[in-house]
Structures are given as structure tokens and as C-alpha cells.
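Reviewing the structure listed below.
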Amino acid sequence: MPRRRPRRPAAPPAPAVPRVIAVVAFHRISPFQVATPCLVFSEDRHELGVPRFDLRVCAAEPTPLRTAAGFAIDTPHGLAALRHADVVIVPSWRDVNEPPPAALLDALRAAHARGATVVGLCLGAFVLAAAGLLDGRRATTHWHWAPAFAARYPAVDLDPSVLYVDEGSIVTSAGIAASLDCCLYLLRRWCGAEVANRVARRLVLAPHRRGGQAQFIEQPLPPPGTDQRMQDLLNWMLTHIDERQELDALARRMSMSRRTFTRRFQQATGTSVVQWLTHQRLMLAGRLLETTDRPVESIAADAGFGSALSLRQHFAARFGVPPAAYRRQYRPAP
């Protein structure tokens with residue numbers, strides 16, 4: 001009998017929309033940090049297409065909790081409520097040198113083991129790392145404490161250059177305001193780009209984030225069900241970002257006509273091939289300007305602009321400043 005060809009694994013299902021979201025609170029928590037996930041997930045925005053989440057602020061320590069601003073938070077929920085949560089969010093931690101309570105770490109491990117998504121916003125990544133949930137995974141945290149994080153948790157693949165990192169059931173974000181970006185990203189992941197964009201407009205957020213740890217808010221995610229071949233192509237384009245990428249060649253790679261490919265690309269990314277590539281190249285150039293002392297000519301080549309002049313023109317058009325001035329904002333002269 002002829003051997004059967006192995007079946008290709010099915011594409012992973014679209015992420016389910018969670019029902020119960022638990023936000024962990026503790027003594028000396030910043031009001032902003034505990035309020036951020038509440039702002040995105042607790043308000044009734046059914047007119048924007050947002051499902052009604054059951055958000056519960058859960059005390060990791062005896063209540064009332066004294067915030068960093070001096071007022072208290074009282075909540076009927078404790079760590080036991082994490083057992084029923086689809087998503088558990090640790091919005092920060094009060095001191096990177098203070099070990100989190102063992103009861104909190106045990107509750108996070110148990111939640112993740114039963115399938116909950118666990119999110120560490122800002123210094124909350126330290127808590128997830130202390131629980132062992134980030135070992136062997138990519139993660140991010142506040143840039144100021146990134147060296148301390150890397151030294152303490154060498155088993156974690158730390159990337160301090162991004163706003164957030166999605167590892168499926170584990171999500172981490174960079175510092176302070178990046179928590180909002182991460183929460184909006186989660187909303188996009190669960191509900192789609194259009195719903196998340198409506199909420200972003202309602203919250204009057206800036207259309208994009210500049211500077212270190214910069215990912216653009218207005219860049220929509222591919223909607224659930226996007227062709228895996230298109231996802232593979234986007235990954236290929238990123239790994240060959242320094243090369244010339246022509247529309248016809250990309251269409252041939254997908255075995256599509258130019259017209260069909262253009263339409264499918266627009267459906268998957270919400271933008272054109274040229275705009276998407278320019279956006280990704282600017283993101284890479286910005287990160288290199290912020291984190292290295294490499295010449296603009298070298299950065300232009302690696303980012304696929306071909307010349308320093310082209311990079312300067314695109315950079316000024318997008319950010320309103322030339323690359324050198326942009327770099328000085330984040331790497332001032334000694």
C-alpha cells in the first residue's frame with residue numbers, strides 16, 4: 001500500500017474572548033497602574049462592539065490596600081478569585097528588590113497551568129519571572145530596570161526594545177504608559193483591529209508611539225483567520241527587510257496575480273505593501289538609532305532604505321525630525 005502523506009497540522013484557532021479578567025493589586029501599588037487595565041476592560045463599551053468583561057481587582061495581601069498615592073483600595077476579591085479567571089494581569093510590582101509573596105507566585109503558576117493567560121505589565125514581568133513563568137520565553141519590562149531583570153533572570157530572553165511581547169499564554173509589556181498599549185493589543189487579539197481602534201479613539205490615545213520600545217498603535221493586526229501563507233510571507237519580509245522587495249516578486253512567492261495579492265495583503269494588514277514595508281523599516285531604524293551608535297548610513301542599509309538620504313527623507317516625513325535629532329532625544333552626548 002502506498003504510504004499516506006502525513007496530515008498538515010491544523011491552523012491554531014483564533015484566541016477566545018475571555019470572560020473573567022483578574023487584576024492583581026497589592027500594598028503601595030500605583031493608582032495609574034491598577035487603573036490601566038480597568039480603563040480598557042471594565043467599562044461598558046458595547047456600542048463600540050466590545051464584549052462585557054467581568055473584571056475583578058484581586059488583593060494579593062490583606063485589605064484595605066494602601067496605594068502609593070496615599071488612599072486605600074478595598075476589594076472583596078482575594079487570590080482565590082484567580083482560580084476562576086481566564087486572564088490574570090499583574091499590573092506592576094512595588095519594588096524590584098522585594099520578592100513577591102509566595103502565595104501570589106503559587107496562584108499565578110496554578111492559573112497558568114490550568115490554561116489562563118497571564119500578563120505582566122511594566123514591573124509585573126518581575127513577578128512572572130519570579131514565578132518561573134518566563135523561563136525560556138521572550139519578554140520585556142521597563143527599560144530602566146532591564147539590566148537588573150537580565151542579571152536576575154538569565155533564563156528569560158529579555159527584549160527591552162519593544163512595547164510588549166506576546167508569547168501566547170504569557171504576555172509582558174514595557175513601562176508605565178506601555179501598559180495601555182499592551183491592553184489595547186490584547187483587545188485587538190481578542191476582538192479584532194476594528195474594535196480596538198474604536199476604543200483607542202475613544203480613549204484619545206496618540207496615533208503612534210515614538211521613542212524606545214516603539215510599536216505603532218495604529219498598525220492593525222491581521223484579523224482572525226488570516227491565511228497562514230500570508231503570515232509566513234510577512235515573517236519572510238521582515239527577515240529580508242534589508243533587501244529590495246518588489247510587488248510582482250512577492251505575488252509570485254504567494255502564487256497569486258498582482259491584483260489578487262494586493263487585495264489579500266490589504267485585507268491581512270490593513271495597509272499596502274509599500275506602506276507596511278516603510279513602517280517596518282522605520283521601526284527598525286528607530287530602534288537602531290535609539291540603542292546603538294552606528295552611523296546613519298549603516299542603519300539605512302540594514303533597514304532597507306538603500307541610502308542615508310532616503311532614510312532621512314522618510315524619517316523626517318514620519319517623525320518630523322531628522323535621524324540625528326531623533327537619536328539625541330534618547331542617546332544624549334556625554
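Keep in mind that the numbers below use all heavy atoms, side chains included, and drop hydrogens, waters and symmetry copies.
- Here the CZ atom belonging to Arg202 is positioned 7.0 Å from the CZ atom belonging to Arg45, to the nearest 0.5 angstrom.
- Counting heavy-atom neighbours within 6.0 Å of Arg83 CZ, excluding the residue itself, gives a total of 12 or less.
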Name the atoms and distances for all side-chain donor-acceptor pairs under 3.5 Å in residues 23-30, with sequence neighbours left out.
{"from": "His27", "atom 1": "ND1", "to": "Arg66", "atom 2": "N", "distance (Å)": "3.3"}
{"from": "His27", "atom 1": "NE2", "to": "Pro62", "atom 2": "O", "distance (Å)": "3.2"}
{"from": "Ser30", "atom 1": "OG", "to": "Phe32", "atom 2": "N", "distance (Å)": "3.3"}

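- Side chains of Ser169 and His112: a donor on one and an acceptor on the other come within 3.5 Å.
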Let me see the working for Gln280 and Leu284 under side-chain contact (heavy atoms from CB on, under 4.5 Å), right down to the final yes or no.
CA-CA 6 Å; Gln280 300 299 333; Leu284 174 58; over 6 Å; no
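- At least one side-chain heavy atom of Leu82 sits under 4.5 Å from a side-chain heavy atom of Cys58.
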Just distance, no hydrogens or angles: give the donor-acceptor pairs under 3.5 Å from side chains in residues 84-91, sequence neighbours left out.
{"from": "Asp86", "atom 1": "OD2", "to": "Arg19", "atom 2": "N", "distance (Å)": "2.8"}
{"from": "Asp86", "atom 1": "OD2", "to": "Val20", "atom 2": "N", "distance (Å)": "2.8"}

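- The pair Arg109-Asp106 meets the salt-bridge criterion, since a charged nitrogen lies less than 4.0 angstrom from a carboxylate oxygen.
- A donor-acceptor pair under 3.5 Å is formed between the side chain of Thr172 and the backbone N or O of Thr140.
- A pairwise comparison of heavy atoms in Gly175 and Cys122 identifies CA-SG, 3.6 Å as the closest pair.
- For the atom pair Met237 CE and Asn235 CG, the distance stands at 10.5 Å (nearest 0.5 Å).
- Applying the side chain to side chain donor-acceptor pair (under 3.5 Å) test to every pair with at least one member in residues 113-136, sequence neighbours left out, gives no pairs at all.
- In this structure, NE2 in His142 is found 9.5 Å from OG in Ser179, a value given to the nearest 0.5 Å.
- The CZ atom of Arg229 sits 12.5 Å away from atom CG of Leu234, with the distance rounded to the nearest 0.5 Å.
- Residues Arg294 and Ile299 come closest through the heavy atom pair O-CD1, 3.7 Å.
- Using modelled atom types and a 3.5 Å distance limit, the side chains of Gln275 and Ser272 yield a donor-acceptor pair.
- Separating the CH2 atom in Trp190 from the CZ atom in Phe41 is a distance of 4.5 Å, to the nearest 0.5 Å.
- Looking only at distances, no side-chain donor or acceptor of Arg327 sits under 3.5 Å from a matching main-chain atom of Val296.
- You'll find the ring centres of His279 and Trp276 outside the 6.0 Å limit.
- The shortest distance between side-chain heavy atoms of Phe149 and Leu134 falls below 4.5 Å.
- To the nearest 0.5 Å, atom OH of residue Tyr185 and atom CG of residue Asp166 are 3.0 Å apart.
- Screening Leu121, Ile73, Thr67, Leu65 against Val34 for a side chain to side chain contact (heavy atoms under 4.5 Å, CB included) leaves a single residue, Ile73.
- Side-chain heavy atoms closer than 4.5 Å link hydrophobic residues (I, L, V, M, F, W, Y) into clusters, and following such links, even through other members, never connects Leu309 to Leu288.
- Between the side chains of Thr260 and Ser257, at least one donor N or O sits under 3.5 Å from an acceptor N or O.
- Aromatic ring orientation, Phe265 versus Phe261: tilted (interplanar angle from 30° to 60°).
- Residues Val171 and Glu167 fail the side-chain proximity criterion, which asks for heavy atoms closer than 4.5 Å.
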